Structure formats: structure tokens, C-alpha cells
**Student:** 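Take this structure, written in C-alpha cells, and hold onto it; I'll ask about it next.
Both backbone and side-chain heavy atoms feed into the values below; hydrogens, waters and symmetry mates do not. These figures come from a predicted structure and were not determined experimentally.
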Amino acid sequence: MNKDKILRGRPSGGKLAEGYALVCKNSIMGWNGIDVETGVITEKGHSYQGQSIENKILVLPGSRGSIGWSDFFYGCHLNGHGPEGYVLTKMDSKCGTAVVMAGVPCVSDFPEKQDPCQCIRTGDYVRVNGEKGMVEILERSIKG
């Protein structure tokens with residue numbers, strides 16, 4: 001595998017997940033940002049407003065908003081509409097709570113030159129290895 005298609009961060013939970021990336025460079029609000037019943041982004045003005053996080057690999061810089069962020073994202077998992085895995089530039093307590101409660105793979109805390117929000121594009125097909133702290137870009141999106 002080409003080295004520029006592998007990112008290494010901190011193993012942060014779960015085992016393996018694969019899926020299409022949804023890269024939110026400005027994260028997503030929890031309260032008034034995500035519908036826990038559907039997994040659809042509802043945040044007004046968000047670049048992915050109206051799109052679902054369900055079955056995606058959600059790539060975020062971290063959480064955004066109140067301490068309820070973890071409740072909203074875990075709620076999506078409880079209702080069957082959560083992402084397959086998370087890739088987080090930096091882990092924080094809100095993200096950590098959601099990831100642990102959901103039990104999905106997560107890799108976080110990447111070196112500065114490997115910011116996943118810059119290296120991964122929406123639509124890329126990626127594999128997240130939460131045990132080894134590795135994210136592989138298996139197939140690039142044709143849109144990028």
C-alpha cells in the first residue's frame with residue numbers, strides 16, 4: 001500500500017470498520033446539529049446539512065458544542081443510524097464518550113502533518129483499525 005494512503009494515529013477503540021468517508025472539517029454540532037432518530041445532519045448552514053452519517057466513516061476535527069454532543073451521537077447509534085467508525089484529528093472527552101459507548105472503531109490524535117480532515121476526502125473508501133491506530137485510504141473518490 002502506498003505510504004501516503006496510510007495515516008497513523010492513536011488507537012482509540014473498536015476493531016475494524018470500512019466505509020465511505022464523510023469529512024466534516026468544521027465538525028457537527030450535537031444539539032440542533034444531528035437528528036438522533038435518523039442520523040441526518042440538521043445544523044443550519046453546515047456543508048452536509050440534510051445528509052446522513054449512517055454507515056459512514058465520520059472524519060472530524062473533534063466535537064463541537066455542548067457536553068451533550070456525546071449523547072446525540074451515541075443516540076444515533078442506539079437508533080441504528082450511527083457511523084461505522086470515527087477518525088478524529090484530536091480526541092476530546094465528548095468524542096471519547098460517544099466512541100466508547102457505541103463500541104465502534106476509532107483512530108485519533110494524529111500528528112500535525114497527517115490531519116485526516118486534510119488527507120481524507122469525502123467519498124474516499126477507508127478502513128479504520130481502532131486497535132492499531134491506522135487509517136487506510138483504500139480507494140480515492142472520483143470527485144476529489
Side-chain angles (χ1 to χ4, degrees), residues 1 5-112 114-144:
M1 164 127 321
K5 291 187 177 185
I6 297 176
L7 292 93
R8 296 190 186 278
R10 183 168 60 92
S12 298
K15 294 188 180 199
L16 287 172
E18 287 185 14
Y20 291 99
L22 181 64
V23 182
C24 300
K25 295 180 181 184
N26 293 320
S27 197
I28 304 166
M29 297 286 288
W31 187 269
N32 288 326
I34 193 92
D35 183 339
V36 298
E37 298 293 326
T38 63
V40 171
I41 299 168
T42 58
E43 182 179 340
K44 293 201 185 308
H46 193 280
S47 56
Y48 293 111
Q49 182 179 356
Q51 292 193 35
S52 177
I53 64 170
E54 184 176 351
N55 299 324
K56 302 286 191 307
I57 301 297
L58 196 54
V59 182
L60 305 166
S63 65
R64 196 167 116 235
S66 73
I67 59 170
W69 192 93
S70 55
D71 292 335
F72 283 90
F73 281 80
Y74 178 53
C76 290
H77 289 280
L78 285 176
N79 290 313
H81 301 290
E84 291 294 316
Y86 293 86
V87 177
L88 304 164
T89 304
K90 296 289 178 196
M91 178 66 78
D92 58 34
S93 61
K94 295 177 269 187
C95 291
T97 301
V99 167
V100 167
M101 296 298 290
V104 297
C106 179
V107 178
S108 67
D109 299 322
F110 292 84
E112 199 170 305
Q114 279 196 355
D115 182 348
C117 291
Q118 301 299 321
C119 299
I120 301 170
R121 300 183 298 227
T122 292
D124 287 353
Y125 193 80
V126 299
R127 177 184 298 136
V128 178
N129 187 325
E131 290 182 322
K132 293 184 177 180
M134 187 167 59
V135 178
E136 298 172 82
I137 302 169
L138 300 175
E139 186 178 322
R140 284 288 188 185
S141 167
I142 57 172
K143 292 182 181 180

**Student:** In Å and rounded to the nearest 0.5 Å, what is the CG to CD distance from L16 to E131?
**Tutor:** 7.0 Å
**Student:** In terms of ring plane angle, is the pair Y86 and H77 parallel, tilted or perpendicular, where the classes change at 30° and 60°?
**Tutor:** tilted
**Student:** Does the N129 side chain pair with the main chain of M134, one donor and one acceptor, at a distance under 3.5 Å?
**Tutor:**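 Pair absent, no side-chain N/O of N129 close to backbone of M134.
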**Student:** Taking the side chain from Q114 and the backbone from G9, do they hold a donor-acceptor pair closer than 3.5 Å?
**Tutor:**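 Absent.
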**Student:** Can you list every pair that meets ring pair (Phe, Tyr, Trp, His ring centres under 6.0 Å) and has a residue in residues 37-69, with sequence neighbours left out?
**Tutor:**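 Checked against ring pair (Phe, Tyr, Trp, His ring centres under 6.0 Å) - neighbours excluded - the pairs reaching residues 37-69 are W69-F73.
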**Student:** Donor-acceptor pair, distance only, cut-off 3.5 Å: does the side chain of D115 make one with the backbone of C117?
**Tutor:** yes
**Student:** Go through the steps to decide whether I28 and L58 satisfy the test side-chain contact (heavy atoms from CB on, under 4.5 Å), and finish with yes or no.
**Tutor:** CA-CA 10 Å; I28 304 166; L58 196 54; 4.2 Å; yes
**Student:** How many angstroms lie between atom OG1 of T42 and atom CD1 of I34, to the nearest 0.5 angstrom?
**Tutor:** 6.5 Å
**Student:** Mind checking the NZ-CD1 spacing from K25 to I120? Nearest 0.5 Å is all I need.
**Tutor:** 11.0 Å
**Student:** Say you draw a straight line from CZ of R8 to NZ of K132; how long is it, rounded to the nearest 0.5 Å?
**Tutor:**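 Taking CZ in R8 and NZ in K132, the distance rounds to 8.5 Å.
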**Student:** Check the side chains of S108 and S12 for a donor-acceptor pair under 3.5 angstrom, ignoring hydrogens and angles.
**Tutor:** yes
**Student:** When rounded to the nearest 0.5 angstrom, what distance separates CH2 in W31 from CG in D71?
**Tutor:** 10.0 Å
**Student:** Within the distance-only criterion (no hydrogens, no angle test), does the side chain of S27 pair as donor or acceptor with the backbone N or O of G62 below 3.5 angstrom?
**Tutor:** yes
**Student:** Has the side chain of K5 got a donor or acceptor atom that lies under 3.5 Å from a matching backbone atom of R140?
**Tutor:**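 No.
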**Student:** So which heavy atom on L7 is nearest to which on P116, and how close?
**Tutor:**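 Answer, listing the atom of L7 first, then P116: CD2-CA, 4.0 Å.
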**Student:** Do any N or O atoms from the side chain of D92 and from the backbone of S63 form a donor-acceptor pair under 3.5 angstrom?
**Tutor:**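 Here the side-chain-to-backbone pair exists.
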**Student:** Check whether H81 reaches the backbone of E37 with its side chain - one donor and one acceptor, N or O, closer than 3.5 Å.
**Tutor:**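 Answer holds: yes.
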**Student:** Please enumerate all residues that pass salt bridge (Lys or Arg N to Asp or Glu O under 4.0 Å) together with E43, with sequence neighbours excluded.
**Tutor:** R64
**Student:** With a cut-off of 6.0 Å (strictly less than), are more than 12 heavy atoms of other residues, nucleotides or ligands near CZ of R10?
**Tutor:**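 Buried by this count: over 12 neighbours within 6.0 Å.
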**Student:** For the residue pair C119 and I137, what are the closest heavy atoms and their distance?
**Tutor:**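 That closest heavy-atom pairing would be O-CD1, 3.6 Å.
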**Student:** For residues G130 and P105, report the shortest heavy-atom separation together with the two atoms involved.
**Tutor:** N-CB, 4.2 Å
**Student:** For atom CE of M101, decide whether the heavy atoms of other residues, nucleotides or ligands shown that lie under 6.0 angstrom number more than 12.
**Tutor:** no
**Student:** What residue among I41, I57, D124 forms side-chain contact (heavy atoms from CB on, under 4.5 Å) with L22?
**Tutor:**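 Only one of I41, I57, D124 forms a side-chain contact (heavy atoms from CB on, under 4.5 Å) with L22, namely I41.
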**Student:** Does atom CD1 of I67 have more than 12 heavy-atom neighbours from other groups under 6.0 Å away?
**Tutor:**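 12 or below, so no.
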**Student:** To the nearest 0.5 Å, what is the distance between CG on D35 and CG on N32?
**Tutor:** 10.5 Å
**Student:** Taking side chain as C-beta onward, heavy atoms only, is V104 less than 4.5 Å from P83?
**Tutor:**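 Not touching, per the 4.5 Å side-chain cut-off.
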